[in-house]
Amino acid sequence: MNFLPLSFGAPMVLWGLLALPIIWWLLRLTPPRPQQETFPPLAILARIVKREETPHQSPWWLTLLRLALAALVILALAAPVFNPREKIAVGGQALAIVMDNGWSSAPDWERRVATATRLINDAKESSVPVIVALTAEKPAQDIGPFDADTAIERLNAAEPRPVPTDRPATYARVAGALADMPGATLAVLADGLAGPDDEAAFETLFSAELSDVLWVTPDRLPTVALADGANEPERFVVTAVRRQDETGPHQAVAYASDERGRRIAETTITFGPGEARASGEMRVPFELRNDFASIGLAGESHAGALRMLDENARRRRVGLLSQHEADQAQPLLSPLYYIERALGPYADLIRPSNPELTEAIPQLLEQKPAAIVMADVGTLPDSAREALVEWMHEGGTLIRFAGPRLAAAEHDEELLPVRLRAGERSLGGALSWSEPQPVDEFPAGGPFSDLTPPRDVAVTRQVLAEPSADIVERTWANLADGTPLVTGAGRGDGRVILFHVTPEATWSSLPISGSFVEMLRRIVQLSRNQGSLAADQEEQSGRLPPYRMISATGTLVPPGPEAEPLQPTGDTPVTLANPPGLYGSEEGVVAHNLLAPNAQLTALSRPTAPVTMSEARYAFDQSQPLKGPLMAAALALLALDTLAVLWLGGLLQRRPTRRAASAASVLLGAALVLSLLVPEGALAQDDPQVGDVEAIEATSATRIAYVRTGISSVDAISRAGVLGLSRFLAEKTALEPGAPAGLDIATDELSFYPLIYWPIDPSAEMPSEAAIARIDAYMQQGGTVLFDTRDQYSSGFGSSGSVSPETQRLRDILSGLNVPPLEPVPDDHVLTKAFYILSEFPGRYRGSDLWVEASADAESRADRPVRTGDGVSPIMITANDLAGAWAVGSNGEPLLPTVPSDPIQRTYALRAGVNIMMYMLTGNYKSDQVHVPVLLERLGQ
């Protein structure tokens with residue numbers, strides 16, 4: 001039997017309720033024990049004339065109490081359950097639970113564990129063994145079979161992993177275990193994301209002899225994950241992906257953090273209808289972009305929402321230096337032309353303003369470049385040479401290209417990696433027996449070892465290196481005849497690198513090949529301290545130790561015991577042995593992230609099973625057994641019955657108020673019965689009309705309203721800002737505001753709200769004349785509108801410069817309103833001391849005045865704390881983005897950084913909001929304080 005939302009574990013016991021009439025009849029014919037009293041002889045003689053009376057039936061209230069007691073016992077024995085859950089049919093020899101615990105399962109992991117626990121408890125009642133297999137564990141995991149208690153222990157010890165699932169290997173092991181248990185029930189607890197070879201994995205899993213299959217999927221999948229982050233010349237681009245079956249528009253906020261975890265930049269990523277990939281831009285200065293240590297997604301708690309950045313994601317300054325006269329006249333023949341094209345997308349290139357080496361080199365070094373490229377530069381002046389050598393020893397990378405000047409210069413031990421032969425070597429031509437040489441395979445121990453050598457490149461001229469004992473170690477690239485093409489050597493903490501050909505296509509075709517770009521980019525990466533360390537460790541051991549790992553919930557944690565050193569080849573998959581995170585040491589790290597730049601999130605399709613398959617959703621067990629509460633209520637009634645019997649038997653001294661006590665006992669018993677038997681809400685009255693409900697909700701608490709602009713990002717910040725201010729008001733003042741109210745000024749009632757916050761956005765739709773008229777009426781009837789143009793750093797309201805689009809939109813709106821004369825808040829205005837003493841009203845920005853209604857006729861005296869004419873201004877205008885400073889997330893943390901980044905600025909912004917609300921609710925009460933002595937004096941008279 002199942003009377004939703006109530007079910008009974010033993011419904012046959014309910015037939016005992018038919019015996020209640022018989023119990024009633026028996027109780028009515030069974031009187032209580034007669035009262036016995038011992039009296040003195042005189043009292044007995046005085047009562048002889050009275051006829052002794054004995055009750056013939058039980059009192060009605062005692063009968064009702066005992067009937068309620070019997071009914072409660074019968075209901076309790078029937079094992080009722082409130083909000084029952086449906087049990088699955090666990091048949092056959094076992095229950096097999098195959099559960100995904102990859103990175104996408106982290107947000108609702110507790111709900112998944114609760115669902116699996118219910119399945120195991122159901123199997124426990126049938127005394128069948130349980131197989132528990134997790135798809136993101138090592139292949140050697142023990143999957144059972146276990147008894148139910150052991151299975152629950154192993155399930156509680158499991159945790160989500162920051163890696164993709166491996167369904168093929170896990171499903172194969174489960175299918176093998178079920179081969180000896182025919183007819184088992186299989187429960188597939190999936191994470192909802194498709195993986196590689198899923199179709200073959202499910203075919204293997206369903207190959208076992210099963211009785212039925214339970215398919216459990218989440219209601220919500222991770223909607224957004226980070227796929228890439230690129231540091232481009234003028235911006236940092238964040239790329240995010242979402243499930244391909246998502247068709248509606250969506251917005252996500254991405255932020256960048258430095259090494260100390262502080263958020264220093266953010267952007268909004270907008271997915272259009274049907275778009276599975278979208279990007280956002282962070283346009284911040286070059287130096288700030290190089291401080292990015294990670295990027296994350298606000299509101300997402302999984303490993304795909306955090307992406308680490310290493311030195312490969314940071315841009316470096318590269319100085320370019322050349323003495324060639326054709327740099328400007330003939331760009332294609334310029335030595336720096338191909339270098340600029342190769343390094344432009346990956347580095348910030350700088351060039352000296354003066355070609356003289358004595359001034360050019362110091363100019364470059366003043367800007368602290370990571371690398372300097374010198375194209376066919378011969379002998380250097382002594383002063384410039386000493387500064388360049390010192391810069392190299394401190395960590396700089398010098399990249400030199402050959403040419404006629406270098407070939408004719410004398411050898412410089414510090415500025416060349418190898419000793420060169422005088423002159424140059426010519427390959428091919430009418431007067432030469434040799435032929436142009438191609439590029440050979442790159443040496444295995446060099447930085448170009450994983451690059452493919454360009455087969456179409458031919459070298460016709462080069463500068464040759466003198467043979468030496470260490471020439472092989474210093475050679476990074478060879479020609480087919482064994483002569484060096486690129487050599488390099490360390491100089492202190494830095495290095496010097498030489499291309500034995502020119503940087504333009506006169507000595508070779510290398511500069512016009514794609515390999516030239518990869519080689520230069522690799523060298524620029526090695527010019528960084530971290531990149532150099534990674535290269536050295538790779539050369540020594542080929543592996544980098546784990547340093548900091550990304551957990552399944554998207555936080556940075558120390559490496560666990562399962563993490564192993566990483567082979568930084570660029571294509572190492574994310575596994576439990578190499579989880580996502582940072583590898584290396586404090587001196588330098590390499591990022592190993594979860595998703596590849598071309599990753600896609602595909603929803604998992606329900607497979608076709610050879611047996612009956614039922615669907616379910618992850619949920620907590622909300623069923624509540626009522627047997628215990630009913631038995632407790634029955635024991636309470638039994639205690640009342642015992643007291644009543646003792647009272648009727650005379651063991652308890654009766655008072656004149658026994659009728660009141662009897663009535664109280666009956667009422668208490670009736671209350672207990674009603675609380676147990678009457679469904680919740682059965683006595684509820686009819687709901688009032690919808691309009692009345694809205695009015696009651698709006699006026700039951702003081703609520704701060706904001707205007708919905710129709711732009712989701714702006715409206716979300718407005719609501720979060722009003723919510724943050726409401727929380728601050730409840731914490732610091734006696735006012736406890738209600739939930740923020742989003743208003744459509746064209747249709748919603750405005751008179752319920754003392755203050756309406758209106759963010760101005762030029763892309764929002766211009767309000768209609770009727771809507772502006774409603775705002776005008778609201779202001780004339782005592783309401784106040786706080787306009788916020790949020791454009792302090794472009795051209796704030798009241799500025800004398802150019803007018804920003806926000807300010808122009810505000811002027812268009814105000815043109816339809818009866819706006820009084822305005823002035824910035826004076827120093828003695830009520831707003832400056834309504835609650836806090838303030839001298840300015842900052843928001844996310846600071847510097848803009850808060851404009852209010854001018855008080856031209858007000859007088860100020862030394863004995864008055866504020867202006868005498870101050871009332872409540874119907875309009876306030878600012879450009880400081882107050883809501884941006886007030887906005888908080890679900891965890892109570894600020895959503896947007898202040899500009900400049902100053903924690904005390906956010907505090908003053910909240911205090912400004914408190915003063916505004918106190919001013920709105922109390923008016924010029926500060927001025928009225930001066931009348932208190934006069935009033936007290938009159939009262940005394």
Q: Go through the steps to decide whether M308 and V589 satisfy the test side chain to side chain contact (heavy atoms under 4.5 Å, CB included), and finish with yes or no.
A: CA-CA 10 Å; M308 304 307 299; V589 292; over 6 Å; no

Rounded to the nearest 0.5 Å, what separates atom [atom1] in [X] from atom [atom2] in [Y]?
X    : Y    : atom1 : atom2 : answer
L309 : S257 : CG    : OG    : 9.5 Å
L288 : M282 : CG    : CE    : 10.0 Å
F516 : R521 : CZ    : CZ    : 15.0 Å
M549 : S551 : CE    : OG    : 11.5 Å
L306 : S301 : CG    : OG    : 12.0 Å
D310 : N593 : CG    : CG    : 8.0 Å

Are any of the side-chain heavy atoms of [X] and [Y] separated by less than 4.5 Å?
X    : Y    : answer
F448 : I523 : yes
P546 : H592 : no
W109 : N101 : yes
F236 : R283 : no
Q141 : L134 : yes
L186 : L214 : no
L544 : P565 : no
F442 : W476 : no

Q | side-chain contact (heavy atoms from CB on, under 4.5 Å) partner of L189, the single match among L119, V98, T217, D100 | A | L119

Check: [X] side chain, [Y] main-chain N or O, donor-acceptor pair, under 3.5 Å:
X    : Y    : result
D191 : S105 : no
N156 : I152 : yes
T117 : V113 : yes
D147 : T150 : yes
D212 : T185 : no
S211 : G183 : yes
D198 : G195 : yes
R161 : E137 : no
S449 : P443 : no
D715 : G710 : yes

Q | Trace of the side chain to side chain donor-acceptor pair (under 3.5 Å) decision for S279 with T239 | A | CA-CA 4 Å; S279 300; T239 302; 3.3 Å; yes

Can you name the nearest heavy-atom pair linking [X] to [Y], along with the distance?
X    : Y    : result
A175 : S207 : CB-OG, 4.3 Å
A240 : V224 : CB-CG1, 3.7 Å
D142 : F146 : O-CZ, 3.5 Å
E246 : R242 : O-NH2, 3.6 Å
P182 : E209 : CB-OE1, 3.5 Å
V174 : A133 : CG2-CB, 3.5 Å

Between side-chain atoms of residues 262-273 and protein atoms elsewhere (two or more places apart, or another chain), which donor-acceptor pairs fall under 3.5 Å?
from: R262; atom 1: NE; to: D258; atom 2: OD2; distance (Å): 2.9
from: R262; atom 1: NH2; to: D258; atom 2: OD2; distance (Å): 2.9
from: T267; atom 1: OG1; to: E281; atom 2: N; distance (Å): 3.3
from: T267; atom 1: OG1; to: E281; atom 2: O; distance (Å): 2.9
from: T270; atom 1: OG1; to: Q251; atom 2: NE2; distance (Å): 3.3

Between the side chains of [X] and [Y], is a donor N or O closer than 3.5 angstrom to an acceptor N or O?
X    : Y    : answer
R307 : S294 : no
S515 : S513 : no
T572 : N578 : no
R289 : N231 : yes

Q. Of all residues at least two apart in sequence or in a different chain, which pass the salt bridge (Lys or Arg N to Asp or Glu O under 4.0 Å) check with R173?
A. none

**Q.** Salt bridge present between D197 and R167 (N-O < 4.0 angstrom)
**A.** no

(Q) Would R112 and E159 count as a salt bridge (charged side-chain N to carboxylate O under 4.0 Å, His left out) here? Give the steps. (A) CA-CA 11 Å; R112 298 168 188 250; E159 60 183 1; over 6 Å; no

Q: Test V188 against F202 for side chain to side chain contact (heavy atoms under 4.5 Å, CB included), laying out the working first.
A: CA-CA 10 Å; V188 180; F202 281 110; 4.3 Å; yes

**Q.** Test log, rule side chain to side chain contact (heavy atoms under 4.5 Å, CB included), inputs T115 and V216
**A.** CA-CA 9 Å; T115 304; V216 185; 4.3 Å; yes

Q: For R260, look at atom CZ and say whether over 12 heavy atoms of other residues, nucleotides or ligands are found less than 6.0 Å away.
A: no

Q: List the steps and the verdict of side chain to side chain contact (heavy atoms under 4.5 Å, CB included) for V524 and L343.
A: CA-CA 9 Å; V524 171; L343 294 180; 3.7 Å; yes

Q) Is it the case that R111 places NZ or CZ above or below the six-membered ring of Y618, under 6.0 angstrom from the centre and within 45 degrees of the axis? A) no

Would you be so kind as to tabulate the donor-acceptor pairs closer than 3.5 Å made by side chains of residues 594-613, with sequence neighbours excluded?
from: Q600; atom 1: OE1; to: Q244; atom 2: NE2; distance (Å): 2.7
from: R606; atom 1: NH1; to: E615; atom 2: OE2; distance (Å): 2.5
from: R606; atom 1: NH2; to: M613; atom 2: O; distance (Å): 3.2

